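Below you'll find the structure, written out as structure tokens, and then a few comments.
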Amino acid sequence: MSQEVSVDDRMNKLVSLCKRRGFVFQSSEIYGGLKSCYDYGPLGVELKRNVTDNWWRSMVHEREDVVGLDASIIMHPDVWKASGHLDGFSDPLVECMDCHVRFRADKAPRMEPGTEVTFRDAKKKKVTAPVLDRGYVCSDCGSPRLSEERAFNLMFSTHLGPVASEENTVYLRPETAQAMFVNFLNVQQSYRLKIPFGIAQVGKSFRNEITVRHFIFRSCEFEQMEMEFFVEPGSDDEWFEYWKKARLQWYVDLGIDPSNLRLRPHEKDELAHYAKGCSDVEYRFPWGWDELEGIANRTDYDLRKHQEASGKKLEIIDPNREDPNTGKRPFRYLPYVIEPAAGATRAVLAFLLDAYDEEPPSETRKDGRVVLRLHPRVAPIKAAVLPLIKKDENLTARARAIVKEFWGHGINSFYDEKDSIGRRYARQDEAGTPFCLTVDGQTLEEETVTIRYRDDMRQERIEVSQAVDIVRKKVMES
RNA sequence: GCGGGUGUAGCUCAGUGGUAGAGCACUGCCUUGCCAAGGCAGAUGUCGAGGGUUCGAAUCCCUUCACCCGCUCCA
């Protein structure tokens, strides 16, 4: 019990820290805030960019077989008709008049209309009532006394053009994936790609979720990191296994505690209609295990749907191979797709929660400290440069020069001369800055600075001329 | 959307009808100079918002917005 309270506490403390230090603010706060919308402050924007940049680097830049795409958020409405989002996103919801649970009509237990069913009402009394013509009962208590079905379209709609009308209704994308399918041949042909290959995209998606919860975990406007990997049918199982492993490892490599991560295969009844297999990368959030990323074997479902709906062939033509069925060249086929689809904003929350640590008071620090043990690669600021004494212009000038040198090498670093040195270290600990360089009298005499490590507060002296290299190596190699 | 809870300074919170507060944080100066040191001075509030009751509302009533917990959905 006490543990649950402290876990709850951790989330609340993180939300406070996010606001206090400028990671995340509530959107439009001075107007009372807007549901589920959040803004990323000076440190938050750096962290989020580092997360997506590291994803891009690992998925696109460090591979021969994956290329990038940045597609428009508004797409032709037929795309969503073909993908099934226009239908599938209008889930009829029903509320139980007895237990007040809200559930999806299409997932409710079916019953023959007119059947007398016995269930317990709100006062737990046994009641009998006939099943309505709709032919289902409450998925929770079994009551047939239900509200009307109400359709909820989960896509945001707007109009393309100044006059609002049915004909020019368009939608904000509910996922980035469809742009990769629609552009499949454009990318493949322009870049002379051979199967297997992937198309990656990072960007915002929008869903009118029924319930939003858990800070930035589930919001109506969110950021995705998705990659569609096109493979020859038959090799899909192997690639599915490959990407499951690779994606889990990505989080581990960026410092998430492996004991807080797991791969959870979907149950058969949980699988989306298009998927042959799906596994979620889950993180142990304060409220329980929850999804960071889904890796799905989408088969040729999407390309087939778009091929049918658009009337354009989306097949790969391999002139050097014979069709296994006819024995003739070329071999034409629709590739299968393995999709690792990650939530970037969810990853940000996981990185923050996993890094959040409170140290009790110790000999060196009587107040204890709050420290974000972020991996150096995702840390918003890599190095803080601090003159030991503000009054000495020689020290401040030297420190500022060092910061400039870091900037010149593309390393985000920060200059701070305000308050005592201990207080400045504490501020950087809360910001997750892995390294502090302190410029003191010795610096001017022998061109050395102390480097102080966030995680264990250890200090050592290094040559100023090597500072950039040392920090860069620690950021890149750790 | 349903049920329960919360909303007062940047953060954590006290304040149950009678002059809006504390700690930390923040700004300036002095002292100190390697882990949130001390002193002096200072600034800071639509008491979430709107309406009502009252001589008087942070406090009572109504409406609304946002957040948290459960149900539900998803990356």
Side-chain angles (χ1 to χ4, degrees), chain A residues 4 8 11-13 15-22 25-38 89 91 93-97 99-104 107 122 139-141 147 150 152 154 174-177 205 207-215 217-220 222-226 270 272 280-282 286-287 290-296 339-347 359 361-370 386-392 395 418-430 436 438-442 449-450 452 454 457-459:
Chain A
E4 277 177 38
D8 245 12
M11 191 69 183
N12 290 336
K13 281 175 174 168
V15 173
S16 294
L17 181 126
C18 279
K19 179 165 188 202
R20 198 170 71 242
R21 285 300 188 224
F25 309 120
Q26 180 157 37
S27 164
S28 319
E29 198 194 59
I30 62 167
Y31 288 102
L34 185 62
K35 179 165 57 177
S36 115
C37 296
Y38 293 93
F89 269 50
D91 300 327
L93 290 185
V94 173
E95 189 178 333
C96 174
M97 309 297 257
C99 68
H100 296 291
V101 155
R102 212 146 123 214
F103 58 93
R104 277 177 61 172
K107 285 193 173 176
S139 57
D140 207 48
C141 71
S147 76
R150 292 173 64 189
F152 282 75
L154 297 189
E175 62 174 35
T176 63
S205 293
R207 292 184 197 179
N208 256 321
E209 298 286 354
I210 298 165
T211 314
V212 287
R213 192 60 63 82
H214 300 316
F215 197 38
F217 180 79
R218 175 177 297 116
S219 44
C220 293
F222 59 104
E223 200 154 336
Q224 291 186 299
M225 308 183 287
E226 294 195 296
E270 195 184 355
D280 285 347
V281 176
E282 295 191 327
W287 60 89
D290 216 332
E291 182 180 3
L292 282 178
E293 169 163 357
I295 297 114
E339 173 196 78
T345 27
R346 286 185 175 186
E359 280 182 5
S362 64
E363 277 179 31
T364 43
R365 241 176 212 283
K366 65 175 169 55
D367 290 332
R369 62 170 183 157
V370 171
L386 318 168
L388 189 59
I389 301 163
K390 175 169 74 167
K391 285 283 162 57
D392 188 337
L395 289 192
K418 187 82 179 56
D419 296 316
S420 73
I421 191 70
R423 199 176 279 252
R424 281 178 275 167
Y425 287 150
R427 275 202 289 266
Q428 294 307 315
D429 287 343
E430 275 195 342
C436 288
T438 305
V439 175
D440 56 17
Q442 234 176 306
V449 289
T450 55
R452 180 259 193 191
R454 175 196 66 199
M457 301 193 282
R458 195 166 45 87
Q459 289 185 322

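The chains referred to below are lettered A, B, ... by the order of the sequence lines, with proteins before strands, and numbering in each begins at 1. Values in this document were obtained by computation on a predicted structure and should not be read as measured data.
Considering only the side chain of A:Asp290, B:C74 comes nearest among B:G33, B:A37, B:C74. Closest to the side chain of A:Arg424, out of B:A25, B:C74, B:G33, is B:G33. Nearest nucleotide to the side chain of A:Arg423, out of B:C26, B:C34, B:C67: B:C26. Closest to the side chain of A:Lys418, out of B:C68, B:U27, B:C11, is B:U27. Taking the side chain of A:Met457 as heavy atoms from C-beta on, and the options B:C35, B:G33, B:C74, the nearest nucleotide is B:C35. The listed nucleotides are B:C30, B:A66, B:C34; the one nearest the side chain of A:Lys391 is B:C30. In this structure, of B:A36, B:C68, B:C34, it is B:C68 that holds the atom nearest to the side chain of A:Phe215.
Put simply, the side chain of A:Glu339 never gets that close to the backbone of A:Ile295: no donor and acceptor are under 3.5 Å apart. Between the A:Glu430 side chain and the A:Val370 main chain, no donor and acceptor come within less than 3.5 Å of each other. For the pair A:Arg218 (side chain) and A:Val212 (backbone), a donor-acceptor distance under 3.5 Å is absent. Looking at A:Asp440, its side chain does come within 3.5 Å of a backbone N or O of A:Gln442 through a donor-acceptor pair.
Nucleic acid contact for A:Ser27: none, since no nucleic acid atom lies under 4.0 Å from a heavy atom of the residue. Within the 4.0 angstrom heavy-atom criterion, base atoms lie near A:Ser420. At a threshold of 4.0 angstrom between heavy atoms, the contacts of A:Asp440 include nucleobase atoms, whether or not backbone atoms are also involved. Residue A:Gln26 is in sugar-phosphate contact alone, with no base atom involved, counting any heavy-atom pair closer than 4.0 Å across all strands shown. Within the nucleic acid shown, A:Arg213 comes within 4.0 Å of at least one base atom, counting heavy atoms only. Among the heavy atoms of the strands, none lies under 4.0 Å from A:Leu17. Counting non-hydrogen atoms under 4.0 angstrom, A:Glu339 reaches nothing in the nucleic acid. If you check every strand for non-hydrogen atoms under 4.0 Å, A:Phe217 touches a base. Residue A:Ser205 is classed as having no contact, given no heavy-atom separation below 4.0 Å to the nucleic acid.
For A:Gln428 and B:C34, the CD to C1' distance is 15 Å, given to the nearest whole Å. In this structure, A:Met11 atom CE and B:C67 atom P are separated by 12 Å, rounded to whole Å. Distance A:Glu430 CD to B:C11 C1': 10 Å, rounded to the nearest Å. One interatomic measurement links the two molecules: CZ of A:Arg20 to P of B:A9, which rounds to 15 Å at whole-angstrom precision. Distance A:Asn208 CG to B:G1 C1': 13 Å, rounded to the nearest Å. Atom CG in A:Asn12 sits about 13 Å away from atom C1' in B:G7, given to the nearest Å. Across the protein-nucleic acid pair, A:Leu386 atom CG and B:C34 atom C1' stand 10 Å apart, rounded to whole Å. Going from atom NZ of A:Lys390 over to atom P of B:C30 covers 8 Å, rounded to whole Å.
Within the structure, every side-chain polar atom (N or O) of A:His214 is placed at least 4.0 Å from both OP1 and OP2 of B:C67. Side-chain N/O atoms of A:Ser16 include one lying less than 4.0 angstrom from OP1 or OP2 on B:U12. Side-chain nitrogen and oxygen atoms of A:Arg21 include none within less than 4.0 Å of the OP1 or OP2 phosphate oxygen of B:G10.
B:C61 and B:U54 have their P atoms separated by 16 Å, with the value rounded to a whole Å. Here the separation of B:G28 from B:A66, taken at their P atoms, is 38 Å to the nearest Å. Rounded to whole Å, the separation between the C1' atoms of B:G42 and B:U46 comes to 24 Å. With both ends at atom C1', the span from B:C40 to B:U31 equals 11 Å, rounded to whole Å. Annotation: B:U6 and B:C13 have their P atoms spaced 13 Å apart (nearest Å). For B:G52 and B:G10, the P atoms lie 28 Å apart once the distance is rounded to whole Å. Comparing the C1' positions of B:C30 and B:C35 gives an interatomic distance of 23 Å, to the nearest angstrom. With both ends at atom P, the span from B:C62 to B:G5 equals 13 Å, rounded to whole Å.
Under the Watson-Crick or G-U wobble criterion, with both distances below 3.5 Å, B:G7 is paired with B:C65. The pairing partner recorded for B:U44 is none, the criterion being a Watson-Crick or G-U wobble arrangement whose two distances lie under 3.5 angstrom.
Using modelled atom types, one finds no donor on one side chain facing an acceptor on the other under 3.5 Å when comparing A:Glu175 with A:Ser205. No side-chain donor from either of A:Thr345 and A:Glu223 sits under 3.5 Å from a side-chain acceptor of the other.
Ring pair A:His214/A:Trp287 is parallel by interplanar angle, where below 30° counts as parallel and above 60° as perpendicular.
Between A:Ala344 and A:Ile30, the residue anchored closer to the 5' end of RNA chain B is A:Ile30, taking for each the nucleotide with the nearest heavy atom. Both A:Arg458 and A:Lys35 sit near RNA chain B, but only A:Arg458 has its closest nucleotide nearer the 5' end.
Within 3.5 Å, no donor on the side chain of A:Arg207 pairs with an acceptor on the base of B:C74, nor the reverse. Checked by distance alone, A:Tyr31 brings no side-chain donor or acceptor within 3.5 Å of a matching partner on the base of B:C65. For A:Arg452 against B:C35, a side-chain-to-base donor-acceptor contact under 3.5 Å is present.
Electrostatic pairing of A:Arg424 and A:Asp419 does not count as a salt bridge here, judged by no charged N lying under 4.0 Å from a carboxylate O.
Annotation: cation-pi geometry satisfied between A:Arg452 and A:Tyr425 (NZ/CZ under 6.0 angstrom from ring centroid, within 45° of ring axis).
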